Amino acid sequence: MASRGERGAETPAARIQALVDDLNRHLRLYHGEDAPEISDAEYDRRFRELQELEAAHPELVAADSPTHRVGAPPAEGFETVEHRVPMLSLDNAMDADEMRAFEERILRALDREGSVAFLAEPKLDGAGAELVYEEGRLVVGSTRGDGRRGEDVTANLRQLGSIPLQLAGDPGSHPDRLSIRGEVVLPRAAFSRLNARRAERALEPFVNPRNAAAGALRMLHDVDLDRLRSLEFRAYGVAEGLPAAVRRQDQVLECLRGWGFTVSPECRVCPDIEAAIAAHADFLGQRETFPIEIDGTVFKVNDHALQRDLGELARMPRWAIAYKFPAHQETTVVQEIFASVGRTGALTPVAKLRPVFVGGVTVSNASLHNQDEVDRKDVRVGDTVVVQRAGDVIPQVVKVVPGKRKKGAKRYRLPASCPVCGSAVVREEGEVVTRCPNPACPAKLRNRLLHMAGRSALDIDGLGEKLVEQLLEAGLVEGPSDLFGLERDALLALDRMGEKSADNLLAALERARQTTLPRFLIALGIPEVGGGVADLLARRFGDLGPLRAAGQEELEAVDGVGPIIAERVRAYFDDEAHSAEIGRLRERGVRWPAIPVAEETQPPEGPLSGKTFVLTGTLEGMSRDEARSRIEAAGGKVTSAVSKKTDYVVAGEAAGSKLKKAREFEVTVVDREGLEALLAEG
Ligand code: IVH
């Protein structure tokens, strides 16, 4: 009997759906029920077939595709754990100039001149993890997950020899609660050994050490102890419980060593950005001799007071950056270029490539982004191209290999009409994006529905590609809100829709109705608003009403939201069609609790009432946050720019342009002592 995973004469859409269903079923059997029906190798083969099909047909990728969770068991496999302090990611620099620009941004933000010292650490290519210790004992270990919630993999992490179950050092000095951050890696030697062992048993080899490490952490049943014990945990940060005496990142690493953690021995302090660039060149030179794979150098502003002053954006700190090694490159051939239509109607040219193994994975298509990019690179069908892929970054076509072009190859132009609905496409002046303007274009609607059903949006379980297609074909859904008006009888009339599936979908919709404000904002699909920004907006405004009422300036004033995001948010809510859709979603029961927002309070009366301050440079023994809150508590106001209205400029070490401005406007300048005197007496 042919199982559902066997190939038949099917369309790509049908084959993809069959593979998704089949692989999800085997994942459940393997992880959930401990009763695998197929070998790992057979699973991997089907998985790769799905990956290749999805790469060739990005428009057909299902929301519930197992490729979205490489190596991960279904959600029910592990309990989830909240990271009390979110696990952030890092901004990237690709060359020395981007590093210098990073330093300039830092100096500007701190209003300092001169240089800043950085700590250089290898960027470990593994899986991020958090370990929580209470009174010195390991209590929970978790994966990074989406940065806010991860999976509880304590049992597996306990097997790693490099993870102390009990902290070393004087028990009296252990913080009540300590949260350690680090990377779980599989050293190269262990990777080779494990793959040799797999080959002996005719198992498919692991593609790269990172996947092998991430997969091992999430083994739920039949845990392979050898694989688990080959992993190594390298610590690089403390999110909670850092002793007060620790004031620099190099001291953090010392402290971690003292508690018994393994810290990369190559870490070193760089007094300025040029030293950092030189350290990176050293790491790159030694890359192949490192016992574990690294994909760049992480630089962190060493001084914690400066880190605090710099603060964080939605997803990443301003005080750290990953300077990446050059990407792995390969050459291959462009077999076809086609246009894919996204949820905003943007037409994206996609190059279908002869599959090539690069940077640890097989790449079979690459986005060419837009017409300008195609023109700039002049990519044509049949061309031999250089493709690259670095770490988790999406594959890119770097350039066409000159001299290999076939005669008669024509320049590629995006079609004049939408490949899905046939409407004439438009490209606004000054815009790079070509769009299908038809609000009813089935491709847009389809992708909007899939986006809304996605895991980080309303998370509508079971609403995948196939079902969305069916709902649209049957005319049951003309906009996202129609999902929440679906009736059982109408569902039952759909092809292959049984009572159980219909009830499951209705139950999933019922669960999705009760959501949170950030999820709802993500679900709306506002351009530029992903998880991080949605969180920031939700926390600042608390509910949809105040957010919709906020003007451009008010939006820009949210830390982490720049002018572009503010403009997109404003434009989204100004569109009446969007308001109408939001109204319908609410009428159909989509709801969320408001988030308490701190009331804007009148400044307290105090010795500094009515006085305006600007802070610049580093104050000795006082962080900027502390200076600001003490001035505010005494009734004063702190602003960022010096003007004639400024009463005092508080200048610390390495003060920059604001000090010059203060002199220009003849504003009184005080140091830390002067500030203390003002705080005491006004
Ligand atoms: S620090 C707030 N240090 O890279 C700073 N991360 O792209 C965030 N990583 O999720 C992390 N080596 O899993 C830091 N020495 C290192 C690292 C490192 C590898 C990973 C980490 C993080 C990702 C960010």
Side-chain angles (χ1 to χ4, degrees), residues 83-94 98 102 106 118-131 141-151 153 157 162 179-187 208-211 213-214 217-218 231-240 242 248-250 252-257 261-270 276 279-280 283-284 287 290-304 306-308 310-325 327 359 390-394 531-532 560:
H83 303 301
R84 287 206 208 168
V85 179
M87 293 182 76
L88 300 176
S89 40
L90 290 167
D91 196 4
N92 289 332
M94 305 312 288
E98 290 186 14
F102 168 61
I106 288 177
F118 298 96
L119 193 82
E121 302 175 8
K123 183 167 192 303
L124 309 162
D125 200 4
E130 175 179 64
L131 304 174
S142 54
T143 60
R144 176 172 185 276
D146 65 4
R148 298 191 174 268
R149 301 192 72 84
E151 290 153 318
V153 288
L157 285 170
S162 48
S179 149
I180 304 289
R181 302 287 167 80
E183 200 84 353
V184 173
V185 294
L186 182 64
N208 56 42
R210 169 162 31 92
N211 286 4
L217 270 191
R218 291 151 133 171
L231 300 176
E232 190 177 309
F233 179 79
R234 290 224 177 166
Y236 50 65
V238 177
E240 288 174 88
L242 194 65
R248 296 193 317 257
Q249 175 66 10
D250 59 326
V252 171
L253 300 185
E254 271 320 302
C255 202
L256 287 166
R257 287 193 179 102
F261 292 98
T262 308
V263 171
S264 298
E266 303 82 7
C267 296
R268 66 193 210 211
V269 179
C270 308
H280 177 77
F283 282 8
L284 180 57
R287 178 181 196 179
F290 272 52
I292 55 183
E293 286 210 353
I294 59 175
D295 58 344
T297 318
V298 179
F299 291 98
K300 300 174 184 171
V301 168
N302 201 27
D303 185 332
H304 282 185
L306 298 183
Q307 286 188 3
R308 260 197 308 275
L310 287 163
E312 270 124 37
L313 294 165
R315 286 176 189 282
M316 48 205 178
R318 287 199 185 85
W319 46 263
I321 202 158
Y323 186 1
K324 300 299 259 312
F325 289 151
D392 293 334
V393 181
I394 349 173

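All of these numbers come straight from a predicted model, not from anything done at the bench. All ligand and atom numbering here is 1-based and tracks the order in the structure. The figures here come from the full heavy-atom set of this structure, side chains too, leaving out hydrogens, waters and symmetry mates. One-based numbering along the sequence shown.
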To the nearest 0.1 Å, how far is [atom] from its closest protein heavy atom, and which atom is that?
{"atom": "atom 5 (C) of ligand 1", "value": "Leu90 CD2, 3.7 Å"}
{"atom": "atom 12 (N) of ligand 1", "value": "Leu124 N, 3.0 Å"}
{"atom": "atom 23 (C) of ligand 1", "value": "Lys123 NZ, 4.1 Å"}

Q: Identify which of Met87, Glu121, Arg144 has a heavy atom lying nearest to atom 10 (O) of ligand 1.
A: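 Comparing heavy atoms across Met87, Glu121, Arg144, the nearest one to atom 10 (O) of ligand 1 lies in Arg144.
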Q) If hydrogens are left out, which of Phe299, Tyr236, Trp319 has an atom nearest to atom 16 (C) of ligand 1, that is, the closest non-hydrogen atom? A)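 The option holding the nearest heavy atom is Tyr236.
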For ligand 1, does [X] get within less than 4.0 Å through its side chain, its backbone, both, or neither, judged by non-hydrogen atoms?
{"X": "Ala320", "result": "neither"}
{"X": "Lys300", "result": "side chain"}
{"X": "Glu183", "result": "side chain"}

Using a 3.5 Å distance criterion without hydrogens, assess whether the side chain of [X] forms a donor-acceptor pair with backbone atoms of [Y].
{"X": "Thr143", "Y": "Glu151", "result": "yes"}
{"X": "Arg234", "Y": "Glu183", "result": "no"}
{"X": "Glu130", "Y": "Arg181", "result": "no"}
{"X": "Ser162", "Y": "Phe233", "result": "yes"}
{"X": "His83", "Y": "Arg144", "result": "yes"}
{"X": "Asn302", "Y": "Asp250", "result": "yes"}

Q: Could you tell me whether some N/O pair between Ser89 and ligand 1 is separated by less than 3.5 angstrom?
A: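 The answer is no, given that Ser89 and ligand 1 share no N or O pair closer than 3.5 Å.
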Q | Contact (N/O only, under 3.5 Å) between Pro317 and ligand 1 | A | no
Q | Qualifying residue for side-chain contact (heavy atoms from CB on, under 4.5 Å) with Tyr236, from Leu124, Leu256, Val252, Val263 | A |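 The residue from Leu124, Leu256, Val252, Val263 that satisfies side-chain contact (heavy atoms from CB on, under 4.5 Å) with Tyr236 turns out to be Leu124.
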**Q.** Close-contact set for ligand 1 against Pro122 heavy atoms, below 4.0 Å
**A.**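 Atoms satisfying the 4.0 Å criterion: 12 (N), 15 (N).
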Q: Using a strict cut-off of 4.0 Å, indicate which atoms of ligand 1 neighbour a heavy atom of Leu88.
A: 8 (C), 10 (O)
Q. Non-hydrogen atoms of Ala127 versus ligand 1: any pair closer than 4.0 Å?
A. no
Q.
I need the single residue from Phe118, Trp319, Phe299 that forms a ring pair (Phe, Tyr, Trp, His ring centres under 6.0 Å) with Phe102. Which is it?
A. Phe118
Q) Which pair of heavy atoms, one from Leu90 and one from Met316, lies closest together, and at what distance? A) C-SD, 3.9 Å
